[in-house]
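Contents: one structure, followed by commentary.
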Amino acid sequence: MTVENNANEMNLEQEIGAVRRLLEKVKSRVAEGKCKVSDYEKQIDEIDINLTSSGEDLKNVKKSFSVGNLIKAKMRGGISAEEARSTADAFGYYADTVTYIASEEQRRVEVKANLSKAIDTVTKREFVQERIEDLLDAVGDMDWY
């Protein structure tokens, strides 16, 4: 019986060692997941800053449009080439800004979806980590001698 008990004890120690190694791997994955969550949150913050800045740019460009130049352009006299270029540049900038805002909003949607997945993954990993810790606590509490 003693040999059998010693063999069982060695097997248990090996199994506990395997569970501890698994716990370390899971802890590592939890840490990696938390880093991803943090990265996605930073990306969303950056996108929000970019959108706010671009929104202000859009407002300023709208204010710079000269209604007088547009009216003069439709009338017989027209506007100067420089005024036309300036107005065209302003409209071009406006169009570029609108396109940029749309792409940033799409990027924000995608990053938010990735963030949601990352949070779910971290939550699952933390649950697994807790279960493994509970298992080790339970095995550690048992009297094997």
Side-chain angles (χ1 to χ4, degrees), residues 6-145:
N6 286 342
N8 286 339
E9 193 172 305
M10 282 186 67
N11 284 339
L12 179 61
E13 287 176 19
Q14 290 172 342
E15 290 169 355
I16 290 173
V19 172
R20 285 188 178 131
R21 287 188 299 278
L22 177 62
L23 176 60
E24 291 309 310
K25 287 180 183 179
V26 170
K27 283 182 177 181
S28 173
R29 295 293 183 129
V30 167
E32 288 172 9
K34 287 182 178 181
C35 284
K36 275 189 175 181
V37 166
S38 177
D39 288 345
Y40 289 135
E41 289 172 338
K42 287 176 186 174
Q43 286 181 32
I44 289 171
D45 289 343
E46 290 171 8
I47 291 168
D48 288 344
I49 289 168
N50 291 344
L51 287 172
T52 300
S53 174
S54 295
E56 290 300 316
D57 288 348
L58 210 57
K59 287 179 189 175
N60 291 334
V61 171
K62 282 182 184 179
K63 289 178 186 176
S64 74
F65 291 148
S66 169
V67 176
N69 282 347
L70 295 174
I71 293 171
K72 281 179 12 182
K74 289 191 172 218
M75 298 177 78
R76 204 181 290 167
I79 57 175
S80 71
E82 185 57 38
E83 290 172 321
R85 280 188 198 95
S86 175
T87 301
D89 289 344
F91 276 108
Y93 183 75
Y94 183 87
D96 291 344
T97 304
V98 168
T99 301
Y100 178 77
I101 288 172
S103 70
E104 283 296 282
E105 287 174 345
Q106 179 59 38
R107 185 171 152 235
R108 188 173 197 276
V109 167
E110 292 167 3
V111 171
K112 276 192 158 192
N114 289 336
L115 173 61
S116 179
K117 289 177 190 174
I119 290 171
D120 289 345
T121 299
V122 168
T123 301
K124 290 173 187 173
R125 289 177 182 173
E126 287 174 332
F127 177 79
V128 170
Q129 178 181 331
E130 290 172 8
R131 298 297 70 81
I132 293 171
E133 289 170 345
D134 290 346
L135 174 64
L136 286 173
D137 285 346
V139 172
D141 290 340
M142 297 175 75
D143 184 12
W144 293 98
Y145 297 103

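What you see below is based on every heavy atom in this structure, not just the backbone, and it leaves out hydrogens, waters and symmetry mates.
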Residues in side chain to side chain donor-acceptor pair (under 3.5 Å) contact with E24, at least two apart in sequence or another chain: none

Does E56 have any side chain to side chain donor-acceptor pair (under 3.5 Å) partners at least two apart in sequence or in another chain, and if so, which? none

Residue list, salt bridge (charged side-chain N to carboxylate O under 4.0 Å, His left out) with D45, at least two apart or on another chain: none

Looking only at heavy atoms, the pair that brings L23 and E133 closest together is CD1-CG, 3.8 Å

Decide if atom CZ of R29 counts as having more than 12 heavy atoms of other residues, nucleotides or ligands within a radius under 6.0 Å. no

Across all chains, not counting sequence neighbours, the side-chain contact (heavy atoms from CB on, under 4.5 Å) partners of V19 are I132, L135, L136

Name all residues meeting the salt bridge (charged side-chain N to carboxylate O under 4.0 Å, His left out) criterion together with R131; count only those two or more places apart in sequence or in a different chain, and write none if there are none. D134

Residues passing the side chain to side chain donor-acceptor pair (under 3.5 Å) test with R85, sequence neighbours excluded, are none

For the CG atom of N114 and the CD1 atom of I44, what is their distance to the nearest 0.5 Å? 9.0 Å

In Å, rounded to the nearest 0.5 Å, how long is the span from SG of C35 to OH of Y40? 12.0 Å

Nearest heavy-atom neighbours spanning Q129 and V30: OE1-CG2, 3.4 Å

Sequence neighbours excluded, every pair satisfying salt bridge (Lys or Arg N to Asp or Glu O under 4.0 Å) that has a member inside residues 109-127: K34-E126

Residues passing the salt bridge (charged side-chain N to carboxylate O under 4.0 Å, His left out) test with R108, sequence neighbours excluded, are D48

With D39 via side chain to side chain donor-acceptor pair (under 3.5 Å) - residues at least two apart: none

Working to the nearest 0.5 angstrom, can you tell me the gap between S103 OG and R107 CZ? 8.5 Å

Where at least one partner belongs to residues 88-100, residue pairs that pass side-chain hydrogen bond (donor to acceptor under 3.5 Å, both in side chains), sequence neighbours excluded: N50-Y100, D57-Y93

Please report the interatomic distance CD1(I47) to CG(L51), rounded to the nearest 0.5 Å. 7.0 Å

Tell me the closest heavy-atom pair linking I101 and S54, and the distance in Å. CG1-CB, 3.5 Å

